[in-house]
*Asks:* 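Handing you this structure, nothing more for now.
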Amino acid sequence: MVATFTTALVRLGHLVQQVFGDVGREQDLTPQQAQLLCLLVGGPVGMTELTRALHLEKSSLTGLVDRAERRGLVARTRDPRDRRACLIELTPEGERVGALAHDGVAARLEALTGELPEAHRELLASAIDGILIEYASATGRPLPARAPTPSSSARGC
């Protein structure tokens, strides 16, 4: 039985969340902590951007960052553009664990899609980009960060 497109997208979303959970457990992280570290691998991010990217309320994000900070994975720094705001950045230990989490998620997703013909992979990537662009346009929210290519040095899940 072939699933409808929207059902397939929902199932894919659940699978990606499961991958974050599996990889997170390997690094002694919750799925949310793994996502946070992956987002920060590309550099410091403000709290407002993190609430949008992680779809969390401010109080929930504050708790998530507090717990990661207590573990020595992240640090709060002043935003040079706005003295009232802070940026969240990885500590050296957070960089190490974040890289492991990012690479683990990327490897699992690559393994799951590795058997697809290249033309199908390109078509899916194009369709997903179109959905993300439409969402950003309709909501006024910025596009989620683009995952890097395997050869790039910048990261981001």
*Asks:* Output every pair passing side chain to side chain donor-acceptor pair (under 3.5 Å) with a member in residues 57-67, not counting sequence neighbours, ordered by first then second residue.
*Replies:*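 Matches after skipping sequence neighbours: D66-R76.
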*Asks:* Nearest 0.5 Å please: distance from the OG1 atom of T91 over to the CZ atom of R96.
*Replies:*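 With rounding to 0.5 Å, OG1 (T91) is 10.0 Å from CZ (R96).
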*Asks:* Could you check L73 against L36 for side chain to side chain contact (heavy atoms under 4.5 Å, CB included), going step by step and ending with a plain yes or no?
*Replies:* CA-CA 10 Å; L73 301 172; L36 173 66; over 6 Å; no
*Asks:* Going through the distances and angles, do R81 and L87 end up as a side chain to side chain contact (heavy atoms under 4.5 Å, CB included)?
*Replies:* CA-CA 10 Å; R81 298 166 301 189; L87 298 173; 4.2 Å; yes
*Asks:* When rounded to the nearest 0.5 angstrom, what is the spacing between CG in D22 and CD in Q27?
*Replies:*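 It comes to 12.0 Å.
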*Asks:* Name the atoms and distances for all side-chain donor-acceptor pairs under 3.5 Å in residues 44-52, with sequence neighbours left out.
*Replies:*
unit_1, atom_1, unit_2, atom_2, d
E49, OE2, G46, N, 3.3
T51, OG1, T48, O, 2.7

*Asks:* Measuring from R11:CZ to T4:OG1, what's the distance to the nearest 0.5 Å?
*Replies:*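 One finds 9.5 Å between CZ of R11 and OG1 of T4.
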*Asks:* Roughly how far apart are L37 CG and E93 CD, rounded to 0.5 Å?
*Replies:*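 Result: 10.0 Å between the selected atoms.
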*Asks:* Determine whether L124 and L116 make a side-chain contact, defined as any pair of heavy atoms from C-beta on separated by less than 4.5 Å.
*Replies:* yes
*Asks:* Judged by atom type as modelled, is there a donor-acceptor pair below 3.5 Å linking the side chain of Q33 to the main-chain atoms of T30?
*Replies:*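 Pair found, side chain donor or acceptor close to backbone of T30.
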*Asks:* So, do L54 and L64 sit near enough that their side-chain heavy atoms are less than 4.5 Å apart?
*Replies:* yes
*Asks:* Please give me the minimum heavy-atom distance between A101 and L29, naming the atom from each residue.
*Replies:* CB-CD1, 4.4 Å
*Asks:* Nearest 0.5 Å, what's the NE2-CD distance between H55 and Q35?
*Replies:*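 The NE2 atom of H55 sits 9.0 Å away from the CD atom of Q35.
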*Asks:* Provide the closest heavy-atom pair for G21 versus P31 in the form atom of the first, atom of the second, distance.
*Replies:* CA-CG, 3.6 Å
*Asks:* Does L109 belong to the same Ile/Leu/Val/Met/Phe/Trp/Tyr cluster as V10, with side-chain heavy atoms less than 4.5 Å apart forming each link?
*Replies:* no
*Asks:* Checking side chain to side chain contact (heavy atoms under 4.5 Å, CB included) for the pair L112/V19: CA distance, chi angles, key distance, verdict?
*Replies:* CA-CA 10 Å; L112 290 170; V19 168; 4.2 Å; yes
*Asks:* Could you measure the distance from the CZ atom of R121 to the OG1 atom of T113? Nearest 0.5 Å is fine.
*Replies:* 4.0 Å
*Asks:* Let me check something: do L15 and F20 share a hydrophobic cluster, defined by ILVMFWY side-chain heavy atoms less than 4.5 Å apart, either directly or through other members?
*Replies:*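 Yes, same cluster.
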